[in-house]
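Right, one structure below, let's go through it.
In the text below, chain A, chain B and the rest are named by the order of the sequence lines, each starting its count at 1. Quick caveat, the model's predicted, so the values are computed rather than measured.
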Number of protein chains: 2
Amino acid sequence: MKIDPESNADLSAQIAQAIRDAIVSGDMIVDERLPSESELADQFGVSRSTVREALKRLAAQSLIRTQRGAFGGAFVNRLCYHDAYGQHITTSTLLLSMNDVRFETACEARYAMERACAPLAAQRRTPRHLSMIRKEIERQADAALSDEDFCASDVALHRALVDAAGNPVLSYQLAGAVEAMQPLMNMITFTARSRGEIVRLHSALLEALADRHAGRADTALHALESYTMTLGRDVLAARARRTGAP
Amino acid sequence: MKIDPESNADLSAQIAQAIRDAIVSGDMIVDERLPSESELADQFGVSRSTVREALKRLAAQSLIRTQRGAFGGAFVNRLCYHDAYGQHITTSTLLLSMNDVRFETACEARYAMERACAPLAAQRRTPRHLSMIRKEIERQADAALSDEDFCASDVALHRALVDAAGNPVLSYQLAGAVEAMQPLMNMITFTARSRGEIVRLHSALLEALADRHAGRADTALHALESYTMTLGRDVLAARARRTGAP
DNA sequence: TACATTTAATTGTCTGACAATTTAAGTGCA
DNA sequence: TGCACTTAAATTGTCAGACAATTAAATGTA
């Protein structure tokens with residue numbers, strides 16, 4: 001592991017990249033111990049503070065973990081699904097909120113990916129998945145539910161659909177898309193009428209899964225997408241009217 | 001922004017979390033300048049080095065950027081698609097390589113997501129997308145191509161398919177899945193015969209997109225998936241035979 | 001005005017110190 | 001011997017202070 005003395009990037013960034021490369025390439029394996037901070041400082045010819053900044057960068061990406069005390073140190077971390085979820089959700093949420101992504105674009109992406117799960121979910125769903133979805137539908141039928149809780153329940157329902165596909169990689173990939181949509185969804189004010197329609201569409205999805213009918217699940221998701229789009233467009237139009245003619 | 005004196009987590013981690021929360025919640029907006037390191041040190045009641053470690057954590061997640069000199073400092077960074085791609089690919093690649101994900105699981109997830117793009121791609125593909133895909137197919141037909149280059153070309157082709165859907169959020173989400181699969185795909189030794197079959201299937205996909213025929217694109221992707229799975233299973237079986245009876 | 005110089009603010013890096021934590025090794029005692 | 005306790009050593013976490021490097025604004029000058 002070497003750094004380029006010609007580069008004008010921060011030393012701590014270069015060192016972090018060198019170690020990151022070693023981990024990603026498989027040169028360093030899971031649970032392998034890195035040299036101590038002092039040793040790394042000697043190896044790279046920098047001070048300990050610079051090494052520490054590099055290690056903190058890696059820790060922020062869950063690439064290493066540190067342990068104090070004798071025989072402690074920094075170890076290559078096994079990236080678990082849970083940590084990866086967290087990273088993905090944070091990144092996706094910020095990406096959407098900072099880049100003026102249109103509601104339609106995010107919505108389209110989300111439902112496209114969920115439809116990818118539908119055939120697998122119809123085939124592999126267990127009674128537990130069905131009951132989780134049913135529970136959320138019942139919550140959503142409760143008129144006392146706040147808009148935020150309604151959206152949270154919506155996320156939980158879609159999360160259950162994704163998990164029903166029984167593919168952890170798919171769950172991980174879609175978690176970002178579904179969770180990151182929540183702030184955009186929260187902007188929709190759900191009327192009693194629209195809630196009723198959504199519950200109806202969710203129920204159709206549930207029945208399709210219960211019957212292991214992939215085609216009807218796909219249709220239900222298409223209907224949900226187009227109805228959600230309509231709601232979103234109405235909100236945006238109303239907002240435009242307010243700001244356009246105040 | 002405050003930190004919990006009761007917590008036993010590292011101060012730099014707590015400070016990073018406090019600032020991260022402020023950014024994600026929208027309390028701090030894009031391009032807003034953070035207080036200088038010295039000011040943050042005073043505010044949180046810690047040393048400057050501790051603050052610096054916190055800031056490096058945030059920089060590693062592309063949440064802030066720093067600039068030296070007068071009127072420099074740390075600024076909330078606009079997370080662009082490019083940076084988000086990078087993060088997502090790194091995370092996905094490590095997740096797959098560190099968690100003994102089965103080839104079938106990753107393959108299934110990848111093709112499920114690609115099929116989600118197919119209808120949109122069939123509808124929106126431009127001549128440029130078609131020619132990109134055609135170019136890769138021509139490369140793949142070249143018998144002199146190394147296995148690694150063949151895989152890279154495969155990734156480029158699938159990337160073009162995803163981009164043809166014309167939805168940047170979808171492209172971002174799928175980039176991780178497709179790129180992260182490459183190391184697993186590289187393990188397949190492509191015989192001349194299997195390459196021919198893949199080229200044939202890719203061509204079928206291309207024709208379907210050219211004809212704006214979503215159904216045939218879906219079918220082609222299904223066929224590709226099942227053929228890829230077969231190849232993967234053969235490699236794994238051969239490997240098991242070698243190690244099982246040496 | 002246009003250009004060069006100075007100045008002040010800020011991050012980047014280094015040094016050295018001490019605190020906190022954790023494990024291994026040693027020590028004493030029953 | 002076996003066990004509880006102490007000690008030592010290694011390592012990360014935190015702090016304080018210094019100086020270098022960089023940058024934009026302010027200032028001076030022709």
Side-chain angles (χ1 to χ4, degrees), chain A residues 1-20 22-23 28 31-77, chain B residues 1-20 23 28 31-78:
Chain A
M1 284 193 302
K2 284 283 149 44
I3 57 178
D4 174 18
E6 299 297 306
S7 165
N8 54 356
D10 291 356
L11 290 176
S12 69
Q14 291 183 60
I15 292 170
Q17 191 58 51
I19 300 177
R20 188 180 297 118
I23 295 175
M28 303 204 64
D31 292 334
E32 185 173 341
R33 183 179 178 280
L34 278 72
S36 74
E37 294 175 353
S38 311
E39 286 172 315
L40 286 171
D42 288 346
Q43 283 181 28
F44 286 110
V46 301
S47 72
R48 204 186 133 207
S49 4
T50 303
V51 167
R52 280 184 63 80
E53 289 176 10
L55 294 181
K56 295 313 158 204
R57 291 178 191 263
L58 300 174
Q61 295 180 300
S62 306
L63 292 182
I64 62 170
R65 61 176 188 279
T66 54
Q67 209 174 352
R68 297 222 275 200
F71 295 76
F75 299 83
V76 177
N77 193 41
Chain B
M1 283 194 302
K2 284 282 147 44
I3 56 178
D4 174 17
E6 299 297 306
S7 165
N8 54 357
D10 292 357
L11 289 176
S12 70
Q14 291 183 61
I15 293 170
Q17 192 57 50
I19 300 176
R20 188 179 298 119
I23 295 175
M28 303 204 65
D31 292 334
E32 185 173 342
R33 184 181 177 280
L34 277 72
S36 74
E37 294 175 354
S38 312
E39 285 172 312
L40 285 171
D42 287 347
Q43 283 182 29
F44 286 110
V46 301
S47 71
R48 204 186 134 209
S49 355
T50 302
V51 167
R52 280 184 63 78
E53 288 175 11
L55 294 181
K56 295 313 157 206
R57 291 178 191 262
L58 299 174
Q61 295 180 299
S62 306
L63 292 182
I64 62 170
R65 62 176 186 280
T66 54
Q67 209 175 352
R68 297 222 273 198
F71 295 74
F75 298 83
V76 177
N77 193 42
R78 178 183 301 279

**Report entry** Close residues, residues 31-40 of chain A, relative to DNA chain C [heavy-atom separation under 4.0 Å]
**Finding:** none
Requested in this report: Could you state the atom-to-atom distance from CD of Glu53(A) to C1' of dT13(C) in whole Å?
Outcome: 8 Å
Report task. Provide, to the nearest angstrom, the distance between the CZ atom belonging to Arg65(B) and the P atom belonging to dG12(C). Result -> 13 Å
Query raised in the report: Side chains of Arg65(A) and Asp31(A): does their closest heavy-atom pair fall under 4.5 Å?
Result: yes
Query raised in the report: Rounded to the nearest 0.5 Å, how far does CG of Leu63(B) lie from CG of Leu34(B)?
Result: 10.5 Å
Query raised in the report: For Leu11(B) and Gly72(A), take the nucleotide of DNA chain D holding the closest heavy atom to each; which residue's nucleotide lies nearer the 5' end?
Result: Gly72(A)
Query raised in the report: Atom CZ of Phe75(B) and atom C1' of dT23(D): how far apart are they, to the nearest Å?
Result: 11 Å
Query - CZ-CD1 distance between Arg57(A) and Ile15(A), expressed to the nearest 0.5 angstrom - result: 10.0 Å
Query raised in the report: For the atom pair CG (Leu55(B)) and OG1 (Thr66(B)), what is the distance rounded to the nearest 0.5 Å?
Result: 8.0 Å
Requested in this report: Can you tell me the distance, in whole Å, between the CD atom of Gln67(B) and the C1' atom of dA21(D)?
Outcome: 14 Å
Requested in this report: Please state whether the phosphate of dG12(C), meaning OP1 or OP2, lies under 4.0 angstrom from any side-chain nitrogen or oxygen of Lys56(B).
Outcome: yes
Report summary line: So CD1 of Ile64(B) and CE of Met28(B): to nearest 0.5 Å the spacing works out to 9.5 Å
Query raised in the report: How close or far is atom C1' of dT13(C) from atom CD of Gln14(A), stated in whole angstroms?
Result: 13 Å
Report task. Check whether any side-chain N or O of Arg33(A) sits under 3.5 Å from a backbone N or O of Gly72(A) as a donor-acceptor pair, and report yes or no. Result -> yes
Report summary line: Ile3(B) atom CD1 is separated from dG13(D) atom C1', nearest whole Å, by 13 Å
Report task. Only counting residues at least two apart or in another chain, list the ones meeting side-chain contact (heavy atoms from CB on, under 4.5 Å) with Asp4(A). Result -> Glu6(A), Ser7(A), Gln14(A)
Query raised in the report: How many angstroms lie between CG in Asn77(A) and CD in Glu32(A), if you round to the nearest 0.5 Å?
Result: 13.5 Å
**Report entry** Gap between atoms CZ and C1', on Arg52(A) and dG12(C) respectively (whole Å)
**Finding:** 16 Å
**Report entry** Residue whose nearest DNA chain C nucleotide is more 5′ - Gly45(A) or Phe71(A)
**Finding:** Gly45(A)
Query raised in the report: In whole Å, what is the span from the CG atom of Leu58(B) to the C1' atom of dT11(C)?
Result: 16 Å
Query raised in the report: Is any side-chain N or O of Thr66(A) closer than 4.0 Å to OP1 or OP2 of dG13(D)?
Result: yes
**Report entry** Ser49(A) side, atom OG; Glu53(B) side, atom CD - distance, nearest 0.5 Å
**Finding:** 8.5 Å
**Report entry** Candidate nucleotides dA9(D), dA8(C), dT14(D), ranked by approach to the side chain of Asp10(B) - the nearest
**Finding:** dT14(D)
Requested in this report: Using a heavy-atom cut-off of under 4.0 Å over every strand shown, decide if Thr50(A) touches base, sugar-phosphate, or nothing.
Outcome: sugar-phosphate
Dump the pairs, protein N or O against N or O of nucleotides 18-20 of chain C, anything under 3.5 Å, distances to one decimal.
from	atom 1	to	atom 2	distance (Å)
dA20(C)	O3'	Arg68(A)	NH2	3.4

